[in-house]
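Everything on this sheet refers to the single structure shown next.
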Amino acid sequence: MVFVEDPDISVVHMPNQEEWNLVISNVQPHHGGTYECQISTKEDLRKYIDLNVIGECVINVKTLCQ
């Protein structure tokens with residue numbers, strides 16, 4: 001599930017895998033910021049990713065916490 005009203009942002013689940021990917025189409029500077037991945041189980045798991053958009057086609061992704 002994606003809780004954002006930006007049509008450029010979606011999540012893709014890899015079949016038969018425990019992998020989910022955040023997909024940002026047409027990346028623009030306003031897409032930069034902190035993203036949160038949250039899994040609700042017995043223990044809530046959260047991961048924060050800081051996305052920096054630099055120029056027109058270079059991005060740098062840094063994990064803030066694991």
- What pairs meet the salt bridge (charged side-chain N to carboxylate O under 4.0 Å, His left out) rule with one or both residues in residues 26-35, with sequence neighbours excluded? none

- Minimum-distance pair of heavy atoms, taken over all atoms of Leu51 and His31: CD2-O, 3.6 Å

Can you list, pair by pair, the side-chain donor-acceptor contacts under 3.5 Å of residues 23-30, counting residues two or more places apart and other chains?
unit_1 : atom_1 : unit_2 : atom_2 : d
Asn26  : OD1    : Gln28  : NE2    : 3.1

- Task: For Glu36, check salt bridge (charged side-chain N to carboxylate O under 4.0 Å, His left out) against everything at least two apart and list the hits.
- Result: Arg46

- Who pairs with Gln38 by side chain to side chain donor-acceptor pair (under 3.5 Å), at least two apart in sequence or on another chain? none

- Check ring-ring contact (aromatic ring centres under 6.0 Å, His included) between His13 and all other residues, then give those that pass, not counting sequence neighbours. Trp20

- Query: Which residues satisfy the side chain to side chain contact (heavy atoms under 4.5 Å, CB included) test with Asn16, sequence neighbours excluded?
  - Reply: none

